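Since the structure comes first, as structure tokens, the remarks are kept for the end.
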Amino acid sequence: MTDLTTLTLTQARDGLRKKDFSATELTEAFLRAIEAGNGSLNAFVLPTPDHALAQAKASDARLAASDPRPLEGIPLGHKDLFCTNGVRTTACSRILGNFVPTYESSVGANLWNAGAVMLGKLNNDEFAMGSSNETSAFGPVVSPWRRKGKDGKLTEAKLVPGGSSGGSSAAVAAGLCLGATATDTGGSIRQPAALTGTVGIKPTYGRCSRWGIVAFASSLDQAGPIAKTVEDAALMLGAMAGYDPKDSTCVDAPVPDYAAQMRQGVKGLRVGVPKEYRVEGMSKEIEALWQQGIAWLKAAGATIHEISLPHTKYALPAYYIVAPAEASSNLARYDGVRYGLRVPGKDIIDMYCETRAAGFGKEVRRRVLIGTYVLSAGYYDAYYLKAQKVRTLIKRDFDEAWNTVDVVLTPTTPSPAFAFGEKTGDPLAMYLEDIFTVTVNMAGLPGMSVPAGLSSEGTPLGLQFIGKPFDEGTLFRAGKVIEDAAGRFNAPDKWWLAGSKGR
Amino acid sequence: MQVDEATVQRIAGLARIKVTPEEAKALQTELSGILNWVEQLDEVDTSAVEPMTRVVPIALPKRKDEVTDGEIPDQVTKNAPQTEDHFFVVPKVIE
């Protein structure tokens, strides 16, 4: 039998329905892949094999009765930012310790109600704060990709899988799951997807419920999938999205059939190319990739239009006011009283201070302090209010662009994957990873990263599409054109299986 | 904006995070760096701009003012570090 872990989600769905293999066989194949590869990759922080096999058994019953739900029997990884009923959820922070939720996130519930199987909880940057997965309390995730040296051979240097959804991107790229949930506050779905040759979409703010997702910055956070192909991402998002009265910012709008929309092609589609994204220091190969994407879209019948988004350069600094401000407020709940870690102190205030010093990692502390500073008396207007005004201007730039174009094409990241430790010493250098993705969160728009080529080092590069509010369908259409032209990219050597029994 | 050590300690106090003097020194540099960098926003004229309050223009939905859950004290206190009879236990607050 073929290696089931190399199938796409769509192929696996079809195989299950044709009874080529059972959901249990499929799930077991992924559990073996996790057992063999996770020691090297550290993508899963908590595999849940018993849970997965129980769900797979239920799926096999539905499949036998020819009554499959949309994702029946599909094994997925689940970012540890999503609360899971009865399964430890930590946001990869020490402060949540052994927190075991008594409820399921709405997005998670949607997936399990659609028949999906949870293989386990995936690593991420602590509280989703990071762009390399190096801030996780469980240690960094290793990308399955490796750089080629000058001699053309793969080097040993460990590369980051991007962040914050680094466990999700690495697990999908390494074939440890068919797809994975992720969240995106400033680029945390799209940047890891770009760095690992996977597809990631952050839908419009309000498309997916935030209920039961550990909050980072509430006005920016959105859930979305990371998957192997554009169609896989379309199927997953279709199951994840939908109205939820438990999240008052979740929009009551029908969820279209994204896979059907994807097949509509781009003939006559007006694609905008914003001149402000041609930033200083952008590598030549990223520029070339962008031009290649333009050529592919033209060949498929789209028209290309230069546009201007004049406030682009202010999105990142405004983000680094808004996001830490909201984080400092959201993370106030971790006080050592109701859940998680408690470190005793000489009085209750001291207990709070000791608990939070011991429980939060360096980057989280840094952002909580920045957020506290910009919200503190006398500074609120100068920082937070100013940033929210700039945010209005960023959104207005896009509103004007939609008068002349239907979708915007940009690179996803300014450079390919970097090695461990390369950017950890300088928070600002790490923040620049989000330079092309963060505008999308600030304006609440949908954004998708699609693999489009390889760097000179042999590592993946992604192109980003930005769409109108609730127009994810156009992103799938445009993304599919890039995917069809560029092909798919797999890590050249399954080095992470070496040394394991591999059974 | 140059942040001094006293400011770092004041902010850390507001954020309820204990910071050692060595950590405060490092944070002084990091916070100053970030705050100096975000000050480029001053270049933008926002005098006639409303601050963003929500990205999607929908009205906040309302629901009936009625109890929809409850009677689950076991679940509510299940993850607490210290509880007694469904109460959260904390160090003495009143002298």
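Fair warning: this is a prediction, and the values are worked out from it, not measured in the lab. Residue numbers begin at 1 in each chain, while the letters A, B, ... track the order of the sequences.
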Chain B contact via A:Val322 - which portion, at a heavy-atom distance below 4.5 Å: neither
Please flag which part of B:Val44 lies under 4.5 Å from any non-hydrogen atom of chain A: side chain, backbone, both or neither. both
Charged N to carboxylate O under 4.0 angstrom, A:Lys362 versus B:Glu23? no
So which part of B:Val8 gets closer than 4.5 Å to some heavy atom of chain A, the side chain, the backbone, both or neither? neither
Charged N to carboxylate O under 4.0 angstrom, A:Lys313 versus B:Glu43? yes
Non-hydrogen atoms of chain A under 4.5 Å away: do they reach the side chain of B:Leu27, the backbone, both or neither? side chain
Taking 4.0 angstrom as the limit, do B:Lys18 and A:Asp350 come out as a salt bridge? yes
Heavy-atom proximity to chain A below 4.5 Å, by part of B:Arg63: neither
Let me confirm one number: the OH-CH2 distance from A:Tyr320 to B:Trp37, rounded to the nearest 0.5 Å. 7.0 Å
Measuring heavy-atom distances to chain A, does B:Ile58 have an atom under 4.5 Å in its side chain, in its backbone, in both, or in neither? side chain
Just checking heavy atoms, which of residues 69-79 of chain B are less than 4.5 Å from chain A? B:Gln75, B:Lys78, B:Asn79
Strictly below 4.0 Å, N to O, side chains only: are B:Glu50 and A:Lys389 in salt-bridge contact? no
